[in-house]
Structure formats: structure tokens, C-alpha cells
**Student:** 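Below: one structure in C-alpha cells.
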Amino acid sequence: MTDSNVQALSLAELTTHHSEKWSGFDSDVLPLPVAEMDFPIADPIRKVLLDMVTSSDLGYLGLVPELGAGFAKFAHERWNWIVDTSQVRVAADVGVGVVEVLRVFTQPGDSVLINSPIYQNFYNWINETRLTKIDIPFTRTGSEAEGSNPWVLDFDEVEKIYASGLKVHLLCSPHNPLGRIYSKNELIRIADMAKKYGVLVISDEIHSPLTFTPHEFTPFLTVSDAAREVGVAVTSATKAWNLAGLKCAIIVSQNDAIHKKLEEMPKAVHFRASILGAYASAAAFADGGPWLDAVIKNLDDNRFLLRDLLKDQLPTVRYNIPHNGYLAWLDMSSLNLGESPAETLLQKGRVALNPGSLYGEQSTQYVRLNFATSPEIITEAMKRIVSTLK
Ligand SMILES: Cc1ncc(COP(=O)(O)O)c(C=O)c1O
């Protein structure tokens, strides 16, 4: 296998893994929750990790200009974004990055807007910082035609909340679990509103490298001067190159005033990241392009494989092919699997998916399925879901 021809590991290999996904369930359960991938890591990352371990280079993290430079190279190549690397900071992970940015810009009790269903840790980050959550959920009111994404955000409602004294809009861009990409016009509108009403936009862009053609991801900080005046992006290589356990993310601003304010973050935010994570992430951004493209090809095939399997075996399950990432958001309500379809599938079908209720209280009949694995495992998962209905 080479970086331009990546295939998922076999089930036998995967069951030896120590990660939460592969060690968190009984051995007869097929696990497809937790957003990590089942592919072997990219060669440039393997090399840097092996070199550092072999030479016992495992001390505290110092300055790591390679990381900002790698990100800037990637951002320029993929999104035509010229990043000022002096405004790329390091954090231990995206969660820590978001929480530390929130600590600088808010006081406990301030209000934060989210748009559910949303990555479950958004709720935890808001609780951790003692902020007040305001939710304007996405509604499933757009086109269900194949290729479109039906999830719609009511921007007039968003503006009303912005105008009511909101402090922060926590954006998941691209969106987990909806696989939805914000259009450039949507982001421009968010930036304009944020500037008008004094709202900070924190854009979690961790899934952005995993975007399927012809869809295009637009980094928030590229859309306008207003976006740079109101925005902070938090992202990492850990989702797209599958390095979550290595603990490294970046906090990016592109505006002097925001940059200055972020100086208030504790210095420790930087060195709490891991040295292996920082250098692996730098290698991913700088040299991981061929591997990433090969993985996107696998994921692209898998999102359609899932469509075909569902059409064939579970045609009443609603699934919109995601525009980004490897998470399928499945509406199981037609299957009558009880209060928690994920729990029923786990108990009866021995297949683990994430319960929709984690992402929003309105989503109890949904499950999130991770298709960043082999076609064989996806096919087996489908078999187990179908077997639950018998
Ligand atoms: C939108 C989003 N943000 C952040 C994370 C987690 O990032 P980290 O482990 O760097 O905190 C995930 C993981 O699935 C995610 O989907």
C-alpha cells in the first residue's frame, strides 16, 4: 500500500487497536461510532513519529514554526488562503482551543449560539465555561434531492439572537453530524451580522480537509474583512489524518485586535499540546496531500456504497449523502426501533452507532454512522442493522 492507494485495515488488525472506538465495546460488537478512521496513517506522519521515537525526542513542545508553515501551505493549496502564520497558535486539541478562546472573550453567564443537531462536545464546552446556551436548530426543510443537503438555518432568527446581546456564535463548519458545508454567502452574512452586533464567531473547521468534489469548503477567515474582525478558527490535522490521540490543534486569527486579545490565553495552552502531535500535524499539512486525496476517494466511494445498501435493504431510512466528512446522519424513525434506535441496534444487532440524542434533543430517532472504514465492515454493519428488524 502507498500513500496514493490507501485501504482500510482489516477487522483482525483493527480489533488490536487501543482507541476508544476499538476498545470500548464487547468483542462481538462491530463499532462504527466515534469520529476516527480505520485507515493506516500517512507515510510522512509515520516517518516523523518513528524518527522522533527512535531518537528519544519526546520532550516538552517548544516553538514549532513548522506547524503554522505546514498549515499555511495546505490552506493555500486547497483554499487559496494566504495565512499570516504569526497568528497560528497551538492548543492540545480543538476542544481545549475552543474552551480557551471562550475563556478569553466571555464571562460566565454570557450567551453562546449553537445550531443543533451538533457535535456533542459543543454542549460540554459551553457547560465547562459556564456559558448560557442558545440553540437555533437546523430544520429539515430544504431539498431532499440526491446531492443536496436539506438542512436549513433560519438566518432571520439568527439575526434576532445576535441583536439580543449574544456574545459568541459557535459554528461547526463543515457541520458534524449533518455533513453540510456553509456557503460563502452564508458565511459573509454571519460575518456581517457578527460585526454589526459585536458577536465573536468561533469556527470549528476540523472536518474541512475532508470535502468531496464538487462541494467547496470556504474558511471563515477568508470571506471578508468583517470575518477577520469577528472570527477565530480552531482546527487541526487530527481528524483528516486520523491523529486524535496525538493531541494537537491550532487556533487561527487573522486580525491584529483579535490576535492581541488572544495573548491573554495562558502560555501553557501551547505546551500542553504534545510534541509528537505537533510534528505529526506539521507533516500532515505539509506532505500529507496524496494520502488525504486517497482517503477522500475511499470515503467518497463509501458514502455512495451506504446509499446503495440503504436503497436495497432499508429504503425507508432517510440518508442525505454528506458533502464533507465520513459521518452519515440516518433518520431511523420508520423502523420503529423504540426510544433509542442506537441502543436497540447495539443490544440486538451488535453494531454500535452514535445515538442521535447526543447531538440534539430533537434527534432521538437518528443515529450517526461512521463510514471511514472498509466496504466489508460497512456491508456487515448493514447486515446487522437489518437483522435487528427480524
Ligand atoms: C466538529 C468537531 N470538533 C472537534 C472534534 C474533536 O476534536 P479534538 O479531539 O481535537 O478536541 C470533533 C471530533 O469528532 C468534531 O467533530
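Predicted model, so just to flag it, every value in this text is computed and none were measured. Whatever order the structure lists ligands and atoms in, that order sets their numbers, starting from 1.
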**Student:** Going by the order shown, which atoms of ligand 1 are within less than 4.0 Å of some heavy atom of Gly95?
**Tutor:** 11 (O)

**Student:** Specify the protein heavy atom at minimum distance from atom 7 (O) of ligand 1: its residue, its atom name, and the distance to 0.1 Å.
**Tutor:**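 The protein heavy atom lying closest is Ile206 CD1, 3.3 Å.
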
**Student:** What protein heavy atom sits nearest atom 12 (C) of ligand 1, and how far off is it?
**Tutor:**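 For atom 12 (C) of ligand 1, the nearest protein heavy atom comes out as Tyr119 CZ, 3.3 Å.
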
**Student:** Could you check whether Arg189 pairs with Glu186 (Lys NZ or Arg NE/NH1/NH2 to Asp/Glu carboxylate O, under 4.0 Å)?
**Tutor:** no

**Student:** Under the side-chain hydrogen bond (donor to acceptor under 3.5 Å, both in side chains) rule, what do Asp331 and Gln365 come out as? Steps first, then yes or no, please.
**Tutor:** CA-CA 6 Å; Asp331 176 359; Gln365 285 300 314; over 6 Å; no

**Student:** Using heavy atoms and a 4.0 Å limit, tell me yes or no: is His207 in contact with ligand 1?
**Tutor:**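 His207 counts as a contact of ligand 1 under the 4.0 Å cut-off.
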
**Student:** With a cut-off of 4.0 Å, which atoms of ligand 1 are near a heavy atom of Ala35?
**Tutor:** 14 (O)

**Student:** May I ask you to identify, for Cys172, whether its side chain, its backbone, both or neither come under 4.0 Å of ligand 1 on a heavy-atom basis?
**Tutor:** side chain

**Student:** Is any side-chain N of the basic residue among Arg103 and Glu100 closer than 4.0 Å to the acidic one's carboxylate O?
**Tutor:** yes

**Student:** Ion pair present between Lys239 and Glu205, side-chain N to carboxylate O less than 4.0 angstrom?
**Tutor:**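 The answer is no: the pair does not qualify as a salt bridge.
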
**Student:** Should the pair Lys311-Asp308 be classified as a salt bridge under the 4.0 Å nitrogen-to-oxygen rule?
**Tutor:** no

**Student:** Flag Val94 as yes when one of its N or O atoms lies below 3.5 Å from any N or O atom of ligand 1, and as no otherwise.
**Tutor:**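 It does: an N or O of Val94 is found under 3.5 Å from an N or O of ligand 1.
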
**Student:** Counting from 1, what ligand 1 atoms have a heavy atom of Lys239 closer than 4.0 Å?
**Tutor:** 12 (C), 13 (C), 14 (O)

**Student:** Charged N to carboxylate O below 4.0 Å: is that the case for Asp192 and Lys195?
**Tutor:** no

**Student:** Where the closest heavy atom to atom 2 (C) of ligand 1 is concerned, which of Leu246, Ile118, Asp204, Asn176 has it?
**Tutor:**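 Comparing heavy atoms across Leu246, Ile118, Asp204, Asn176, the nearest one to atom 2 (C) of ligand 1 lies in Asp204.
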
**Student:** Is a salt bridge present between Asp293 and Lys297, judged by a nitrogen-to-oxygen distance below 4.0 Å?
**Tutor:** no

**Student:** Check Asp93 against ligand 1 and report side chain, backbone, both or neither, counting heavy atoms closer than 4.0 Å.
**Tutor:**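 Both backbone and side chain.
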
